[in-house]
Amino acid sequence: MESPTAAHQAWMGLALEQARAALDTDDVPIGAVVVGPDGTILGTGRNEREATGDPTAHAEVVAIRQAAAALGEWRLEGCTLVVTLEPCAMCAGAIVLARVPRVVFGAWDEKAGASGSVFEILREPRLNHWVEVFPGVRERECAELLLTFFGSRRRSRGSHGIKQ
């Protein structure tokens, strides 16, 4: 596993912008970007489950759909997906199926992560595509955004059986 590059750091800044925009619709603040082989942004996404009522509207899926439309091709060969939180099983499956060769992520997801935390889908040797993973890029920033979001939700619910 290689070290993250300066480009990974900068691209994570764009993903963080998307994550912050998700707050406008009370969606979990997760953002993603798909970067083409030449460094151009092909797709952006943020969680839109609350905004659209679509349970598959995760940031990664939204960004992958945009990138595929921009390329006119479902194979995202040579692209890099950058996301603020370790992908879940659904998103990891979409990444593998879209043939994305590289994923850069910020915070680890100890409850649902599929790139080493709970599952290891992106680097599963039995699958037909493997993904190079760069974890922990701007991890603190990504994690703090989520912790603040969920902390404010817990506080607004009071102490109705929810640990604070």
Side-chain angles (χ1 to χ4, degrees), residues 4 7-8 10-124 126-139 141-143 145-146 149-150 153:
H8 294 159
W11 295 335
M12 186 60 75
L14 299 174
L16 280 161
E17 287 176 19
Q18 289 295 312
R20 289 183 194 100
L23 295 169
D24 295 340
T25 55
D26 203 32
D27 275 286
V28 177
I30 300 169
V33 296
V34 175
V35 183
D38 63 355
T40 59
I41 303 301
L42 298 173
T44 61
R46 60 182 168 267
N47 273 9
E48 296 180 357
R49 292 183 308 168
E50 299 297 331
T52 63
D54 178 356
T56 69
H58 287 205
E60 300 96 321
V61 172
V62 173
I64 286 169
R65 286 177 180 155
Q66 277 188 16
L71 290 174
E73 167 74 52
W74 65 266
R75 289 177 193 87
L76 301 184
E77 295 169 346
C79 294
T80 301
L81 184 133
V82 182
V83 61
T84 57
L85 183 67
E86 178 184 7
C88 70
M90 177 186 71
C91 293
I95 290 163
V96 169
L97 292 172
R99 307 297 192 267
V100 175
R102 272 172 310 287
V103 168
V104 176
F105 72 82
W108 291 91
D109 185 348
E110 299 296 329
K111 294 183 179 180
S115 184
S117 289
V118 178
F119 304 105
E120 182 56 273
I121 294 173
L122 296 181
R123 294 174 286 201
E124 170 55 55
R126 293 171 291 182
L127 295 176
N128 65 339
H129 177 73
W130 305 278
V131 180
E132 184 178 19
V133 178
F134 297 86
V137 175
R138 295 175 69 170
E139 181 175 5
E141 243 178 301
C142 295
L145 187 58
L146 290 161
F149 174 78
F150 286 114
R153 293 188 84 159

Review point. Quick one: does L76's side chain get under 4.5 Å of I95's, heavy atoms only?
Key: no

**Study point:** M12 and C142, any side-chain heavy atoms less than 4.5 Å apart
**Key:** yes

Point to revise | Side-chain (E132) to main-chain (P101) donor-acceptor, under 3.5 angstrom | key: no

Revision key, fill the gap. Scanning both residues in full, the closest heavy-atom pair of H8 with V104 reads CD2-CG2, 3.5 Å

Point to revise | Shortest non-hydrogen contact between L71 and C79, atoms and distance | key: CD1-SG, 4.2 Å

Revision key, fill the gap. Nearest heavy-atom approach of R49 to D54 is CG-O, 3.2 Å

With a cut-off of 3.5 Å and sequence neighbours excluded, list every side-chain donor-acceptor pair involving residues 58-69.
from: Q66; atom 1: OE1; to: T44; atom 2: N; distance (Å): 2.9
from: Q66; atom 1: NE2; to: T44; atom 2: O; distance (Å): 3.2

Point to revise | Residues forming a side-chain hydrogen bond (donor to acceptor under 3.5 Å, both in side chains) with R102, sequence neighbours excluded | key: T80

Check your understanding: Tell me the ring-ring contact (aromatic ring centres under 6.0 Å, His included) pairs involving residues 100-121, sequence neighbours left out?
Key -> F105-W108

Check your understanding: Any donor and acceptor pair, going by atom type alone, linking the side chain of R99 with main-chain N or O of L97 inside 3.5 Å?
Key -> yes

Review point. Below 4.5 Å, heavy atoms only, C-beta onward: do M90 and T56 meet side chain to side chain?
Key: yes

Check your understanding: Taking it one step at a time, do V82 and L14 satisfy side chain to side chain contact (heavy atoms under 4.5 Å, CB included)?
Key -> CA-CA 9 Å; V82 182; L14 299 174; over 6 Å; no

